[in-house]
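Here the structure comes first, spelled out in structure tokens, and everything after it is commentary.
Protein chains get the first letters and strands the later ones, always in sequence-line order, with residue 1 at the start of each. Because only heavy atoms are used, hydrogens play no part in the values below, and waters and symmetry mates are left out as well, while side chains stay in.
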Number of protein chains: 2
Amino acid sequence: MARFTPRQDEQEGLVENQDIRKAGLKVTLPRVKILEILENSEARHVSAEDVYKQLLANDEEIGLATVYRVLTQFEGAGLVERHQFDGGHSVFELNRGTHHDHIVCIRCGKVEEFVDESIEKRQREIATEKGFEIADHSLVIYGECKKENCPNLKE
Amino acid sequence: MARFTPRQDEQEGLVENQDIRKAGLKVTLPRVKILEILENSEARHVSAEDVYKQLLANDEEIGLATVYRVLTQFEGAGLVERHQFDGGHSVFELNRGTHHDHIVCIRCGKVEEFVDESIEKRQREIATEKGFEIADHSLVIYGECKKENCPNLKE
DNA sequence: ATTACAAATGCACAAGCTTCTCATTTCCAC
DNA sequence: GTGGAAATGAGAAGCTTGTGCATTTGTAAT
């Protein structure tokens, strides 16, 4: 009920609405809100549950099923990337066009990104040697970040 | 009835009952049988379900819960490695002491292994640069293997 | 603006994988 | 052998993800 915003100002949707539409998807409130959360979240990598909780915190009436549906559609449209770090659940991040790999702290969960062209190159060579046409790859380094930076070293 | 090896050449990465005991685990029938299956399976990467089905085929009365429990314990003991390729479920492989990465065919699911020291080295350097103490890493290349080799290009 | 229709959503439920619970059984030291 | 802790089996539960269907929403034509 109380969620009738007088006007949807699209000034901040100059990029996203276009992209949703370009993907052949209707520009609906859930999709816009989810995209906003992905953009505004200080954590670059969020799970579907994270998005859902953020929606609830913003008093949006959007179901978890829709979150999964939309994230999967966004993935198919290339708007977001889905990563499967160890531990079972997926995390999503906005696709800003720059490929990168990840290094994850196994203690605090912090995720940093990196790119290394020499690794990329070797991967292409290896795929060729093995007779594979490379489609994608996933490189994740797990480690412990320096204690001073580690926010919550629980237990 | 136990098949015991005359010599204990554990250095060659061969996992055996001694290793179970060394991990602080009792040498029980389920654990021995699961280890046997991991060793004798021609597929190097098997899921918990695969192990379970193989046990059923061998007329062993071992529950799926036990399979998961044992595999997790083996992982903790370093006897097996758990890999989480894209798609949700984990696969396990015997830890024969040789680290390697994987290249997976997204069409037929075939998994090949490779090692590249230059990539390994760059990863260590990157972890150091980022202030991480490296604990593990996962590199998976996804691609399409050459059609002639691709066993079941269904659909 | 209004209308009309296909697309999208919300809800509840279902599926698949993995883990937990707990009564019963098994291994191992004595 | 025997005792007791550890391990197991069967089923239930948990978690993430996906589906079916009635209802709502976006969009394009009126």
query = Below 3.5 Å, does any donor atom in the side chain of Arg69(A) face an acceptor in the base of dG10(C), or the other way round?
reply = yes
inquiry  = What I'd like to find out is whether the side chain of Glu81(A) reaches to under 4.5 Å of the side chain of His99(A), using heavy atoms alone.
reply    = no
task = Whole angstrom is fine here: how far is it from CG in Leu35(B) over to C1' in dA7(D)?
result = 16 Å
inquiry  = At 4.0 Å (heavy atoms only), tell me whether Thr66(B) reaches a base, stays on the sugar-phosphate, or touches nothing.
reply    = base
task = Provide, to the nearest angstrom, the distance between the CD atom belonging to Gln73(B) and the P atom belonging to dT18(C).
result = 16 Å
inquiry  = It should be established whether Thr28(B) places a side-chain nitrogen or oxygen under 4.0 Å from OP1 or OP2 of nucleotide dT8(D).
reply    = yes
request  = Under 4.0 Å between any heavy atoms, over every strand shown, what does Ser47(B) touch: base, sugar-phosphate, or nothing? Just pick one.
outcome  = nothing
query = Short question: side chain of Lys121(A), backbone of Asp116(A) - any donor-acceptor pair under 3.5 Å?
reply = no
inquiry  = Between Ile37(B) and Leu79(B), is there shared hydrophobic-cluster membership here, with clusters defined by ILVMFWY side-chain heavy atoms closer than 4.5 Å?
reply    = yes
request  = Report the residue (Arg21(B) or Gly24(A)) whose heavy-atom-nearest nucleotide on DNA chain C is the more 5′ of the two.
outcome  = Gly24(A)
inquiry  = Distance check needed: dC17(C) P versus Leu64(B) CG, whole Å only.
reply    = 10 Å
key: Nearest-Å distance for atom pair OH/P, residues Tyr52(A) and dC15(D)   = 14 Å
query = Rounding to a whole Å, what distance do you find between Asn17(B):CG and dC27(C):C1'?
reply = 13 Å
query = Ser90(A) side chain N/O closer than 4.0 Å to the phosphate oxygens (OP1, OP2) of dT17(D)?
reply = yes
query = So, Arg122(B) and Glu117(A), do they make that salt bridge, N to O below 4.0 Å?
reply = no
query = Atom CG of Leu71(B) and atom P of dT18(C): how far apart are they, to the nearest Å?
reply = 10 Å
request  = Would you kindly give the NE2-to-P distance between His89(B) and dG16(C), to the nearest whole Å?
outcome  = 13 Å
key: From dC11(C), dC17(C), dG26(D), nucleotide with atom closest to Ala65(A) side chain   = dC11(C)
task = Would you classify Glu61(B) as touching base, sugar-phosphate or nothing, given that sugar-phosphate means primed atoms plus P, OP1 and OP2, and contacts are heavy atoms under 4.0 Å?
result = sugar-phosphate
message = Of the options dC17(C), dA8(C), dG18(D), whose atoms approach the side-chain atoms of Leu25(A) most closely?
response = dA8(C)
request  = Give a yes or no on whether Val91(B) and Leu55(B) share a hydrophobic cluster (residues Ile, Leu, Val, Met, Phe, Trp, Tyr; joining criterion: side-chain heavy atoms under 4.5 Å apart).
outcome  = no
message = Can you tell me which nucleotide in dA7(D), dT27(D), dT16(D) comes closest to the side chain of Lys26(B)?
response = dA7(D)
task = To the nearest Å, give me how far apart OH (Tyr68(B)) and C1' (dA12(D)) are.
result = 16 Å
inquiry  = As a test of reading the structure: which of dT17(D), dG10(C), dC27(C) is closest to the side chain of Pro30(A), going by heavy atoms?
reply    = dG10(C)
query = Is any side-chain N or O of Arg31(B) closer than 4.0 Å to OP1 or OP2 of dT8(D)?
reply = yes
